[in-house]
Each structure stands twice: as C-alpha cells, then as structure tokens.
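In this chain, numbering begins with 1 at the start of the sequence shown.
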Amino acid sequence: MISLKLGAASEVTPHLLPCKVEAGGEACSPARVEDFFTPTIREEPQTAPSSEKVYSASFRGRPLRGSDITLPEGFTGIVMNDARQSQGNAEGKEFEVTRQFSHLRYWNLQTPPTADDRVTQAMTWPQLACSLHTPLPVSSTNSTNSC
C-alpha cells in the first residue's frame, strides 16, 4: 500500500531541466539549487511588449533558455520524499509532501521556449479533457459547459 502524508508544505519554484541527473547512495541529499543554479539565471531582454519573460542559464556548460509556466486552474504541484526510505517495490511505501508549487520554470537546450513545447502543450490538457468529458445537455445544443 502507498500512503501519502500531507502537512505544511512550503512554496517552491521547481526547475524542469532537459536532462537526467542521476544520483545514488543512501545518503543522497537534495541538490543545492539555490546555492549553485539559481544565482546564474539571467532574465533576457524582451523582444516584444507582450512576450513572456525568457531566462538563460547553463548547466554543466550547456546553454539553457527557460520560461515560467503556471499550472492550470485548480491544480497544485507537489514535491514528495520517501518518508521511510524504503527499497524495492511500491508496497508499504510512505511519501511525505515537502513542497508545493503553482508554477514551474522549464528549460530548453539553447532554443527559447515556445507554445509548441511539450510542457506548454501538456498544461492545456486539463481544460481540453474537461471539455471532452462534460456531458452535453440533450435539450439544447447552445448551452455552455462548466469548464
């Protein structure tokens, strides 16, 4: 059985990087993002008055360009830790919510963020799913749905 311990979780801005960072060992501690990665982030000049902020940074010498994205309305992201540091299968695992977030910063390698990025497109899914799964009233086809 998997259980989830909810508690007071502080707000955080997670970074979604276009890479896989492997860490091992039992004494593996969280990355010190605030100490090493966050100070190197720079805001790029905006090219148009209505354009979103674009950030630049580098990770292990590779240039990154990123943007903030807000989670869909009604959603909250959570960061969890394995509360018991259990090994093996999911049976008996207990997770603790340590942080929560309403937006995240996602990064691309070299290219600026666009509406065509998979992360941006994924954030449109909840509204699309609601529209697809909301039953239409039989009596009228001109009514609005609740999404």
Looking only at atom types and distance, does a side-chain atom of Glu52 sit under 3.5 Å from a main-chain N or O of Ile69, one as donor and one as acceptor? no

Do Leu17 and Phe37 come within less than 4.5 Å of each other through their side chains, counting heavy atoms only? yes

What closest approach, in Å, do Tyr106 and Thr114 show between heavy atoms, and which atom pair accounts for it? OH-O, 3.6 Å

Is the count of non-hydrogen atoms from other residues, nucleotides or ligands lying under 6.0 Å from Glu73 atom CD greater than 12? no

Would you say Arg42 has more than 12 foreign heavy atoms packed within less than 6.0 Å of its CZ? yes

Answer yes if Val97 and Phe95 sit in the same cluster of Ile, Leu, Val, Met, Phe, Trp and Tyr residues linked by side chain heavy atoms under 4.5 Å apart, and no otherwise. yes

Spacing of CZ belonging to Arg62 relative to CG belonging to Leu109, to within rounding of 0.5 Å: 5.0 Å

For Pro112 and Arg65, the nearest pair of non-hydrogen atoms, with its separation, is CD-NH1, 3.3 Å

Intermediate values then yes/no, side chain to side chain contact (heavy atoms under 4.5 Å, CB included), Trp107 and Arg105: CA-CA 7 Å; Trp107 298 92; Arg105 186 166 292 161; 3.5 Å; yes

Going by heavy atoms in the side chains, are Met80 and Ile78 under 4.5 Å from each other? yes

Identify the two heavy atoms, one from Pro113 and one from Gly66, that lie closest to each other, and give their separation to 0.1 Å. CG-C, 3.4 Å

Where Pro18 and Asn108 come nearest, the two heavy atoms and their spacing: CG-C, 4.2 Å

Check Phe101 against Val12 and note the closest heavy-atom contact, atom names and distance. CB-O, 3.0 Å

Can you name the closest pair of heavy atoms from Pro14 and His103 and give their distance? CD-O, 3.5 Å

Is the closest side-chain heavy-atom distance between Glu11 and Gln100 below 4.5 Å? yes

Out of curiosity, His133 NE2 to Leu128 CG, how far, rounded to the nearest 0.5 Å? 8.0 Å

Candidate pair Tyr55 and Leu64, rule side chain to side chain contact (heavy atoms under 4.5 Å, CB included), full reasoning: CA-CA 8 Å; Tyr55 301 94; Leu64 301 173; over 6 Å; no

Same cluster for Leu16 and Phe59 if Ile/Leu/Val/Met/Phe/Trp/Tyr side chains link at under 4.5 Å? no

Which is it for Leu71 and Leu104 under the side chain to side chain contact (heavy atoms under 4.5 Å, CB included) test, yes or no, and what are the steps along the way? CA-CA 8 Å; Leu71 298 182; Leu104 60 92; 4.2 Å; yes

Under 3.5 Å, is there a donor-acceptor pair between the side chain of Ser10 and the main chain of Arg99? no

Check: Thr134 side chain, Cys130 main-chain N or O, donor-acceptor pair, under 3.5 Å: yes

Dump the intermediate steps for side chain to side chain contact (heavy atoms under 4.5 Å, CB included) on Thr70 and Met123, then the final yes or no. CA-CA 8 Å; Thr70 303; Met123 295 300 157; over 6 Å; no

